[in-house]
Each structure stands twice: as C-alpha cells, then as structure tokens.
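Just so it is clear, the model here is predicted, and its values are computed rather than measured. Note that ligands are numbered from 1 as they come in the structure, with each ligand's atoms numbered from 1 the same way.
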Amino acid sequence: MQILVTGATGFVGRSLVPALLEAGYDVRALTRDRSTGRARLDDRVEVVEGDVLEPESLAGVFADVDLAYYLVHSLGAGAEFEAKDREAAANFADAASEAGVERVIYLGGLGETGTDLSPHLKSRQEVETYLAEGDYELTTFRAAIIVGAGSESFEMVRQLVTRLPVMITPRWVRTPSQPIAIRDVIEYMVQAIEVPETAGRTLEIGGPEILSYEEMMRRTAAALGRRLYILPVPVLTPKLSVYWIDLVTNPPPSISHPLIEGLRNPVVVTDHTAEELLDVELTPFDEAVERAVANARDE
Ligand SMILES: NC(=O)c1ccc[n+]([C@@H]2O[C@H](COP(=O)([O-])OP(=O)(O)OC[C@H]3O[C@@H](n4cnc5c(N)ncnc54)[C@H](OP(=O)(O)O)[C@@H]3O)[C@@H](O)[C@H]2O)c1
C-alpha cells in the first residue's frame with residue numbers, strides 16, 4: 001500500500017514514518033524543503049517537495065497514493081494561521097480527491113465542539129470539516145497534549161518546570177486534560193489503516209489519566225528530579241500569563257500564544273469509540289514523560 005505522509009518532518013510525522021516502514025508500507029513524505037526535511041527521514045522514504053498552500057506544487061504528489069496522513073498546521077504563521085489552515089486543508093482535499101486517494105487520516109485537537117474554544121482548537125476542528133469535503137473516507141483522531149521529545153506543547157511544560165522552581169499561576173492550572181504518549185498516538189494511527197470501521201469517523205484519543213495542568217507540571221518536575229511550588233492566583237489574567245510564559249519558554253509567541261489560549265478549554269475524551277475499535281495499551285503519564293525527557297537528551 002502506498003502511503004503519503006504530509007507533515008512527515010514534524011514532531012508526529014517523524015515518529016509515524018518509521019512505524020509505517022516497520023509495518024511494511026511504502027512511504028512517500030511531503031516537505032516544503034527537501035534540504036532540511038530529508039536529513040531527518042529514513043533512506044527508504046520517497047521524499048517529495050510541495051506546499052499545501054500552493055496547489056500547483058502538489059502535482060504528482062498524490063500519484064498512486066492509497067492513503068494519506070494530514071499532519072500539517074500553520075501555527076507559527078502569525079495572526080493568519082486560521083485562514084492558512086483552511087486554505088491548506090481545502091487544497092489538500094482537492095488534490096487528494098482528484099488523484100483518487102481512498103482514505104485520509106488526520107490528527108487534530110480535542111475539545112468539545114460548540115464551547116468557547118480557543119482560536120487554535122477551533123481551527124483544528126475547522127480543518128476537519130474542510131478535509132471532510134474530499135472524495136475519500138476521512139478518519140480524524142483528536143488528541144490533547146502529546147507527550148514526547150520535540151512536541152511544542154509538551155516542551156512548554158518541560159521548560160516551565162525546569163526553569164522555575166516556584167510558579168504563580170492563573171486559574172487554568174486546574175483545567176482537566178488527558179495527555180497521551182506519542183507512541184500511543186502512533187499506534188492508534190497505524191492500526192487504523194487495517195480497521196475499516198475507523199473510516200468515516202472522528203475518534204477521540206487520550207492517555208490513561210485525566211490530569212490538571214498543575215498535576216502535569218508537578219509530575220513532570222518529579223520526573224526531572226525537581227520540586228515545584230505552585231501558587232494559583234485567580235487575579236492573574238490569561239493575557240498576563242501569556243507574557244509570563246513567554247519569558248520562560250523557547251517556542252516563539254506565534255506558536256506559544258495560541259497554545260496558551262487553549263489551556264482554558266477542558267480537553268478530555270468523551271467518546272470512547274477509539275478504545276473499542278483499536279487495541280492500544282496506553283502508556284502511563286509518568287512513563288511517557290520519562291521517555292520524552294530521555295529522548296530529548298539524545299537529540
Ligand atoms: N504536538 C502536539 O502536542 C499535538 C497535540 C494534538 C494534536 N496535534 C496535531 O498533530 C499534527 C502534527 O503536529 P506536530 O506537533 O507534528 O507539528 P510540527 O512538529 O509543527 O510539524 C508541522 C509539519 O507541518 C508541515 N507543514 C507546515 N506547513 C506546511 C505547508 N504549507 N505545506 C506542507 N507541509 C507543511 C511541516 O513540514 P515542512 O516544514 O517539512 O514543510 C511539518 O512537518 C497537527 O495537526 C497538530 O494539530 C499535535
């Protein structure tokens with residue numbers, strides 16, 4: 001089976017590609033710049049250049065592809081990210097449909113539809129509706145924070161607890177979330193290929209524990225051998241906490257701000273169909289953090 005992975009050079013794509021090769025699939029990887037992307041990919045991968053924001057660059061990219069993964073986002077593009085993500089998803093859907101791709105698997109974000117979702121989480125769900133316009137069967141996985149080395153969202157947690165022994169934090173530290181290990185996400189996304197019941201569905205995935213961000217930070221600190229003091233202060237507005245997190249962590253504001261805004265939204269699995277259809281042994285949070293920290297040291 002010929003598989004196309006868009007976003008192959010990203011955090012999720014870099015783990016997905018080896019798992020697909022291991023499972024015996026032929027993998028083609030899309031990147032906007034072969035000279036930077038290629039270095040990170042296995043020799044068995046066919047690397048093609050293209051930009052989902054430039055439809056003409058996608059000519060031939062989908063040739064003979066049976067199934068394509070959509071792992072692209074435009075966070076980092078600044079205020080325009082939602083419009084760019086709509087355009088990217090529409091271009092992808094058109095090109096994949098024209099080439100006769102049968103299935104598409106997209107990884108988006110958890111968060112209850114219809115609530116006061118942050119622009120980032122809303123945009124991730126909007127992409128789902130644009131991709132659903134295509135002439136193929138779409139499977140959407142929705143996940144909260146993914147724990148792994150190189151995950152922008154997890155990096156923010158790790159850097160916060162590494163650099164600050166005492167934190168004055170706003171109310172969002174109490175928001176419930178369901179972090180999931182990168183290897184479990186990959187396992188879900190690879191198994192879905194061979195389980196036809198996953199086609200045409202939106203599947204929510206999460207780790208074995210629901211944790212507040214406070215608990216997540218405490219346990220990440222413990223995995224790093226640190227003690228963390230958290231003083232929740234209700235008067236600290238989300239806007240102020242954005243500036244405060246910027247001072248301490250590396251991701252550029254164009255990435256960190258939309259992610260921080262999303263911290264107010266509970267991101268918890270409410271539909272358990274994924275666990276019924278697919279057989280993934282979920283990694284405990286502490287183990288996922290230990291792996292992430294060890295892998296970050298190796299990189
Ligand atoms: N990380 C998390 O904690 C998390 C949690 C839940 C859901 N997700 C979802 O998982 C998916 C992948 O996220 P990630 O963390 O792996 O992102 P990432 O590390 O930032 O990677 C983004 C990828 O998108 C590609 N890309 C960006 N713009 C493109 C364009 N115009 N044309 C073609 N490719 C483009 C980049 O490829 P090149 O630069 O090589 O072109 C890169 O490989 C996203 O849909 C995200 O919402 C992530």
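Counting only N and O atoms by type, the side chains of Arg158 and Ser151 include no donor and acceptor under 3.5 Å apart. With 3.5 Å as the limit, one finds a donor-acceptor pair spanning the side chains of Ser35 and Asp33. No hydrogens or angles considered: nothing links the side chains of Thr273 and Arg201 as a donor-acceptor pair under 3.5 Å.
Considering backbone and side-chain atoms together, Tyr106 places no N or O closer than 3.5 Å to any N or O of ligand 1. The shortest N or O to N or O distance between Phe11 and ligand 1 is under 3.5 Å. Of the polar atoms of Leu107, at least one N or O is found under 3.5 Å from an N or O of ligand 1, judged by distance alone. For the pair Gly10 and ligand 1, the shortest N or O to N or O distance falls below 3.5 Å. Residue contacts with ligand 1: Val52 is placed with a nitrogen or oxygen under 3.5 Å of a nitrogen or oxygen of the ligand (distance criterion only). Checked by distance only, ligand 1 and Thr9 come closer than 3.5 Å through their nitrogen or oxygen atoms. Residue Ser151 has at least one nitrogen or oxygen atom sitting less than 3.5 Å from a nitrogen or oxygen atom of ligand 1, judged on distance alone.
At a threshold of 4.5 Å between non-hydrogen side-chain atoms, the residues Leu20 and Ile193 count as touching.
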Passes side chain to side chain contact (heavy atoms under 4.5 Å, CB included), Thr36 versus Thr9? Steps please. CA-CA 9 Å; Thr36 55; Thr9 61; over 6 Å; no
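Per-residue contacts place Asp51 under 4.0 angstrom from the following atoms of ligand 1 (heavy atoms of the residue considered): 30 (C), 31 (N), 32 (N). Listed by number with element, the atoms of ligand 1 under 4.0 Å from a non-hydrogen atom of Arg124 are 44 (C), 45 (O), 46 (C), 47 (O). Atoms of ligand 1 lying under 4.0 Å from at least one heavy atom of Thr31, given by number and element, are 38 (P), 40 (O), 41 (O).
Ligand 1 has Gly108 within reach: a non-hydrogen atom of the residue lies less than 4.0 Å from it.
With sequence neighbours left out, the ring pair (Phe, Tyr, Trp, His ring centres under 6.0 Å) criterion links Phe62 to Phe92.
Using a 4.0 Å cut-off between charged side-chain N and carboxylate O, Glu287 and Arg291 make a salt bridge. Lys122 has no carboxylate O lying under 4.0 Å from a charged side-chain N of Glu126, or vice versa, which leaves the two without a salt bridge. Under the 4.0 Å criterion applied to side-chain N and carboxylate O atoms, Glu187 and Arg183 are not assigned as salt-bridge partners.
With a 4.0 Å heavy-atom cut-off, ligand 1 is reached by no atom of Glu152. With a 4.0 Å heavy-atom cut-off, ligand 1 is reached by no atom of Ser74.
For atom 6 (C) of ligand 1, the choice among Gly50, Ala144, Gly109 with the nearest heavy atom turns out to be Ala144.
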